[in-house]
Amino acid sequence: MAQTSIILRVELDHEKVTFGDVAAAISKSGGDITSIDVIRPGKDSSIRDITVDVAESVESQVVEALKQHEGIKLINVSDRTFLVHLGGKVSVQPNLPIKNRDDLSRVYTPGVARVCTAIHENPKKAYSLTIKRNTVAVISDGTAVLGLGDIGPHAAAPVMEGKAMLFKQLAGVDAFPICLDTKDTEEIIRTIKAISPIFGGINLEDISSPRCFEIESRLNEELDIPVFHDDQHGTAVVVIAGLLNALKVVGKRIENVRVVVNGIGAAGVSICKMLLAAGVTKLVPVDREGAIVRGGTYEYPMWQWLANQPQVEAEPGTLKEVIRGADVFIGVSRGGLLSGQDVQTMAPDSIVFAMANPTPEIAPEEALPHVRVFATGRSDYPNQINNVLVFPGIFRGALDCRARTINEPMKLAAARAIASVVTDAELNEHYIIPSIFNEHVVKKVRHAIIEAAILTGTARRIPPDFR
């Protein structure tokens, strides 16, 4: 159940009500008081701010209970999540102060002209003389935002801002949120190309399928900086990382397991590609109409690509049919598709990654009695499969070696690096993936990305710590 935290500013008439009455009303309607601040004390009346943790579904009941209680005047209700977003979550700060005319002449006119000329004569100097070397554009058109769908560019902005915060806090990367007011594929491509000179990398986010495939593919071909659609590849990288460790727990080898992937959209396609790159030999991609089979004919190019792969099984069937005997289920689809009976038909020591948000393909309580390792995309259960583990380190490494692109060997190297953060001593059914706040994650992913970029020839610079 989704939780939130609200701040209730109330005025209490001491002749009619005590604070105990207030606390009882909040508790009875489903709230949990976590802090109390006295704003204005008084003998006859007082004003207090009461912070309450509450399920979103009963928030209105808590508010209404106070409104109806004699002696309590509800002055204001603030949602702490909304308060965090007031004025936006990121800002631009200068790296040095401008205190006098001499400072001004160096950072702006006339001194800046010399720097402009130097970059004009040698464009590579933009990496050393501008913000390009440490800046990523986080770009969305708002058509596939989290579990909310097509909510538009304005409503997508808080997500992009949040991502920019994570880039900075976890990897020291300056990221800027850009929300485009267009759904036209060609216009999106033209716009990103036009703004690319100031950025060292492009992070595409929350762009609907199948347009996201063409947008990313074209930009990778036409730009000389890395372009990374996180919904596809970030999700795939962390899934592979979790799977590598889960397979260790159950004692199975990746080349021997049968894997069912449900939901063949942006993330599902990328997961399938990485599974094949990692060594999976028995793959069953499944969408709403059933299994995508080897040798089949499909309208979507990516589905057709999968149908042409020799590792994809040829037998058709619904999800409930093809999951029988599977060693691994990976869901990036929608909630409530499977029951405990369905996962019970899987092979012994099965692995289930049910990552639909906010409701997984199968509830943990239903799955856990029948599976060995269970993971979701949620933070309130063990083994959260979260792409926040991926993009900060990937871009930190790509920027530091000035990679032209982020290729498949780099992504697989990132997955193995994330998996390696969990030591053999720590590894168990409930801990297959490290916390996003583990300080070793970004360092290991960065190192793996730089090493793979050098080995595959996409790095244009070898950082000093690699020489």
Side-chain angles (χ1 to χ4, degrees), residues 232-296 298 302-303 305-334 337-338 342-356 360-362 367 370-377 383 385 387 408 411-412 415-416 418-419 429 432-433:
Q232 292 184 59
H233 312 301
T235 304
V237 168
V238 74
V239 164
I240 299 302
L243 180 60
L244 292 173
N245 279 342
L247 289 171
K248 284 185 183 180
V249 169
V250 302
K252 295 181 181 181
R253 298 177 63 85
I254 197 165
E255 62 268 24
N256 297 331
V257 295
R258 181 170 176 264
V259 184
V260 173
V261 179
N262 191 65
I264 309 303
V269 168
S270 190
I271 289 168
C272 288
K273 284 187 172 183
M274 281 204 69
L275 287 168
L276 296 178
V280 166
T281 59
K282 290 173 278 190
L283 178 64
V284 187
V286 184
D287 213 78
R288 291 180 182 179
E289 297 178 7
I292 294 169
V293 299
R294 186 176 71 248
Y298 300 95
M302 290 299 173
W303 290 17
W305 183 89
L306 285 168
N308 294 337
Q309 305 310 305
Q311 301 95 327
V312 171
E313 293 188 356
E315 289 296 319
T318 65
L319 172 61
K320 290 177 179 288
E321 291 170 341
V322 299
I323 201 173
R324 294 173 189 157
D327 298 278
V328 179
F329 169 81
I330 297 170
V332 277
S333 48
R334 55 190 177 87
L337 295 178
L338 294 173
D342 295 322
V343 296
Q344 196 172 10
T345 68
M346 295 176 69
D349 293 326
S350 58
I351 298 167
V352 171
F353 287 9
M355 297 186 296
E361 284 82 358
I362 179 171
H370 310 295
V371 306
R372 180 81 180 276
V373 179
F374 185 83
T376 71
N383 297 331
I385 305 298
N387 57 8
E408 292 301 318
K411 296 169 198 171
L412 193 54
R416 288 171 174 153
I418 294 168
E429 286 90 343
I432 60 169
I433 205 79

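One is the number of the first residue; the rest follow in order along the sequence. Values in this document were obtained by computation on a predicted structure and should not be read as measured data.
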pair [X]-[Y]: side-chain heavy atoms closer than 4.5 Å:
X      : Y      : result
Glu315 : Val293 : no
Asp342 : Ile362 : no
Met346 : His370 : no
Leu243 : Leu275 : yes
Asn383 : Phe374 : no
Thr235 : Ser270 : no
Ile418 : Ile433 : yes
Asp327 : Val259 : no

Please round to the nearest 0.5 Å and tell me the distance separating atom [atom1] of [X] and atom [atom2] of [Y].
X      : Y      : atom1 : atom2 : value
Leu319 : Arg324 : CG    : CZ    : 10.5 Å
Ile292 : Gln309 : CD1   : CD    : 12.0 Å
Thr318 : Glu289 : OG1   : CD    : 13.0 Å
Leu337 : Arg288 : CG    : CZ    : 9.5 Å
Met274 : Ile240 : CE    : CD1   : 5.0 Å
Thr281 : Ile254 : OG1   : CD1   : 9.5 Å

Looking only at non-hydrogen atoms, find the nearest pair between [X] and [Y] and report the distance.
X      : Y      : result
Gly265 : Asp287 : N-OD1, 4.4 Å
Leu412 : Ala277 : CD2-O, 3.8 Å
Thr376 : Met355 : C-CG, 4.2 Å
Ile264 : Trp303 : O-NE1, 2.9 Å
Arg294 : Val312 : NH1-O, 2.6 Å
Ala354 : Pro360 : O-CB, 3.5 Å

Problem - For Phe353, the option from Val261, Val239, Ile271, Val238 that meets side-chain contact (heavy atoms from CB on, under 4.5 Å) - result: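 The residue from Val261, Val239, Ile271, Val238 that satisfies side-chain contact (heavy atoms from CB on, under 4.5 Å) with Phe353 turns out to be Val239.
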Problem - Which residues share a side chain to side chain donor-acceptor pair (under 3.5 Å) with Arg372, sequence neighbours left out - result: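 Side chain to side chain donor-acceptor pair (under 3.5 Å) list for Arg372, sorted by chain: Asp349, Glu429.
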Practice task
Check for a donor-acceptor pair, side chain of Glu361 on one end and backbone N or O of Ala356 on the other, with a separation under 3.5 Å.
Solution key: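 Checked: pair present.
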Exercise for the section: Using atom types as modelled and distance alone, determine if a side-chain donor or acceptor of Lys320 lies under 3.5 Å from a backbone N or O of Leu338. Expected result: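 Not a single qualifying donor-acceptor pair exists.
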Problem - Derivation and outcome, side-chain contact (heavy atoms from CB on, under 4.5 Å), residues Phe329 and Val343 - result: CA-CA 9 Å; Phe329 169 81; Val343 296; over 6 Å; no
Practice task
Could you give me the CA-CA distance, side-chain angles and deciding distance for Val237 and Asn387, then say whether side-chain contact (heavy atoms from CB on, under 4.5 Å) is met?
Solution key: CA-CA 8 Å; Val237 168; Asn387 57 8; over 6 Å; no
Practice task
Check Arg253, Arg258, Lys252 against Glu255 for a salt bridge (charged side-chain N to carboxylate O under 4.0 Å, His left out) and give me the one that passes.
Solution key: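 One option only clears the test, and that one is Arg253.
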